[in-house]
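Below: the structure, in structure tokens.
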Number of protein chains: 2
Amino acid sequence: MAATILDVADLCGYSKATVSRAFASPDQVAEKTRQRVYEAARALNYTPDAIARAMVRGRTDNIGFVIYEKQYPVVLNPFYSPIFESVLQTCARKGYSLFISSDRDLRLPNGQTCVKKQMDGIILAGQSDAQMVMDLRRQNMPVVVLNNAIDVDDLTCVTTDQYGGALLAMRHLTERGHRKIAIIAGAFSPHVCTSRYNGYCDALREIGQTIDLRFVQTIEPTAEQATQCASMMLSLPDRPTAIFCTNDTIAVGTLKAALRAGLRIPQDVAIIGFDDSEISHLVEPELTTVRVDKAAMGCIAAEQLIAQIEGETPPKQVIQTPVELVIRQTT
Amino acid sequence: MAATILDVADLCGYSKATVSRAFASPDQVAEKTRQRVYEAARALNYTPDAIARAMVRGRTDNIGFVIYEKQYPVVLNPFYSPIFESVLQTCARKGYSLFISSDRDLRLPNGQTCVKKQMDGIILAGQSDAQMVMDLRRQNMPVVVLNNAIDVDDLTCVTTDQYGGALLAMRHLTERGHRKIAIIAGAFSPHVCTSRYNGYCDALREIGQTIDLRFVQTIEPTAEQATQCASMMLSLPDRPTAIFCTNDTIAVGTLKAALRAGLRIPQDVAIIGFDDSEISHLVEPELTTVRVDKAAMGCIAAEQLIAQIEGETPPKQVIQTPVELVIRQTT
DNA sequence: CTGTTAGCGCCTTCAC
DNA sequence: GTGAAGGCGCTAACAG
């Protein structure tokens with residue numbers, strides 16, 4: 001049986017209140033007393049019980065990072081993992097710990113959304129529905145939505161300039177004279193997909209180019225799928241001279257296809273990615289891509305959430321981090 | 001103020017015990033009753049308080065994944081992230097949630113190791129010291145060590161066949177006739193470093209080759225460092241004909257250096273990696289490497305820990321997952 | 001199947 | 001600077 005605060009109090013001769021203070025607010029306790037308490041605690045292997053503490057304080061100092069279960073696993077996802085890491089850092093800096101769970105953890109047997117877990121607030125990453133957000137809100141659970149934009153009152157959403165990024169990528173291509181530009185789009189959440197696709201279309205429209213549907217493909221965002229898809233496109237008699245890939249994993253798969261087809265890059269085909277994931281500068285030639293400030297996204301989301309937890313009422317807002325073109329060797 | 005179990009009990013006319021059961025063990029409650037309880041709960045936006053629940057049950061159903069703070073961030077680490085993912089999956093399957101924290105979360109103001117957080121057990125990943133393990137154990141906190149081997153009684157460590165893998169890689173190279181084989185070793189934890197280096201040395205010894213210290217380099221395991229280091233080696237007049245890299249990130253960096261130097265792979269230099277990370281089949285040519293069963297490592301660690309949490313006493317053991325050579329295009 | 005009762009271990013007033 | 005007492009919200013016996 002683990003020692004409790006009472007055992008320590010008995011051993012050191014002080015009251016449990018003093019023992020409690022010695023750990024929770026050391027400066028409210030006389031130096032000498034504190035030492036005695038610690039000594040007794042050490043002798044008994046006593047450690048404050050975090051649960052009991054959370055119970056009485058009404059706070060856990062934990063934050064939940066929740067992702068849709070069906071979504072490509074976060075930690076393995078080259079886009080989400082840096083965001084997650086940034087959230088982690090920010091939380092640590094502010095004294096919070098991070099919980100990682102899927103939306104499954106948020107369902108009760110009666111189907112209601114609820115927090116079965118011990119957290120003071122939630123970052124809802126990727127796909128997520130308004131219903132869940134509202135359920136959470138109704139239970140006074142602070143929420144911030146990440147990489148998605150949901151239309152709910154007083155909700156803060158943190159995303160990036162999806163549309164602007166796509167436009168940036170496409171204009172870069174059209175400015176270099178490309179006309180036959182294909183898009184290989186990953187089947188992401190609607191928010192991401194449509195914004196990026198709109199950028200593609202609008203850029204084409206700007207140069208008076210109509211959309212050739214043979215050049216528009218949607219795939220599961222894996223390198224393998226991309227390689228396969230790109231191989232087909234590149235073997236068309238009038239193949240595209242440039243391919244806009246809606247993330248870097250797809251771009252890498254496309255790059256493989258081009259390399260295997262013996263094409264020169266960028267002379268024969270230009271390839272542009274999106275996200276500026278780690279992989280983009282690991283491949284050779286290195287990928288031109290649109291940089292998304294993943295660190296900022298994570299940091300902002302965490303800070304916004306913590307502000308809410310600590311009492312602020314958020315306005316309804318969509319925070320978009322800016323994007324930037326990174327020109328490397330594939331365009 | 002959030003509704004409590006009592007409010008629900010009052011509203012639906014049952015006792016709080018029944019309300020509690022309706023959520024915690026629905027099958028012990030009559031269908032009709034359950035419905036009424038849920039209805040009242042919904043009306044009040046009631047949700048069981050996870051903290052209070054954990055307090056009285058003496059369990060949180062949470063597991064902590066703890067990493068050394070100075071360690072290269074887990075989620076971004078191509079080796080740890082699949083392990084982490086596997087732990088996550090296994091935990092989810094068994095009804096546990098995962099907490100991610102650094103060793104900093106485990107220190108009290110008095111310097112003692114302790115669990116400030118709400119968890120039933122801990123997976124200590126990567127570098128970790130015996131002292132911390134013992135402190136944790138003394139507090140009845142189940143621990144499993146991952147990717148490390150520590151000499152403590154009744155402690156389960158999960159790692160992989162580091163030495164065997166290195167031997168496998170090296171023999172593959174020597175069997176193909178290589179004699180001048182370099183090693184670019186990442187500065188990992190001693191456990192990993194020494195085992196892999198021993199494999200290198202022993203394989204060289206097998207063919208009667210002495211170790212040429214110009215061909216032995218230790219670096220921070222980034223692609224950039226590796227590229228730089230490999231460039232130097234490859235510009236030696238009597239450059240190595242093969243390079244054993246102690247992980248895939250290093251191998252990728254080395255590959256870049258070789259490609260840029262205009263060398264043909266594997267004819268001019270063979271490159272072999274370690275881990276079989278995602279990246280290994282994303283680069284072109286694809287990397288020959290030693291596959292480490294990261295999924296198994298994560299799964300075993302989680303299962304071992306959960307067994308302990310649920311009452312089993314572990315033997316002192318080091319579980320090594322087997323490795324396997326994956327021959328691709330760089331050898 | 002449902003109700004009663006007794007804490008879980010701690011923090012936080014409020015006194016002294 | 002320290003002590004006494006109350007209660008956080010829930011579950012787990014034990015009855016009925």
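Each chain gets a letter, A, B and so on, in the order the sequences are listed, and its residues count up from 1. Quick caveat: nothing in here was measured; it's all calculated off a predicted structure. Values below: all heavy atoms of this structure, side chains included; hydrogens, waters and symmetry mates excluded.
- Straight-line distance from the CD atom of Q118(B) to the P atom of dC8(D): 20 Å, rounded to whole Å.
- S20(A) has no side-chain polar atom (N or O) that falls below the 4.0 Å cut-off from OP1 or OP2 of dG9(C).
- The CG atom of D10(B) sits 14 Å away from the C1' atom of dG3(C) (whole-angstrom rounding).
- Note: CD1 (I5(A)) to P (dG3(D)) measures 12 Å, nearest angstrom.
- Atom CE in M55(B) sits roughly 10 Å away from atom P in dC11(C) (whole-Å rounding).
- Look at S15(B) and you'll find a side-chain N or O under 4.0 angstrom from OP1 or OP2 of dG3(C).
- Distance K16(B) NZ to dT11(D) C1': 9 Å, rounded to the nearest Å.
- Between dC10(D) and Y46(B), a contact under 4.0 Å exists linking OP1 or OP2 to a side-chain N or O.
- Straight-line distance from the CZ atom of R21(B) to the P atom of dG3(C): 8 Å, rounded to whole Å.
- Rounding to whole angstrom units, CD of residue Q28(B) and P of dC14(D) are separated by 15 Å.
- OP1 or OP2 of dT2(C) has at least one side-chain nitrogen or oxygen of T33(B) nearer than 4.0 Å.
- Atom pair R57(A):CZ and dC11(C):P shows a separation of 8 Å (rounding to whole Å applied).
- R53(B) has a side-chain polar atom (N or O) that falls below the 4.0 Å cut-off from OP1 or OP2 of dT11(D).
- Between the D293(A) side chain and the T321(A) main chain, no donor and acceptor come within less than 3.5 Å of each other.
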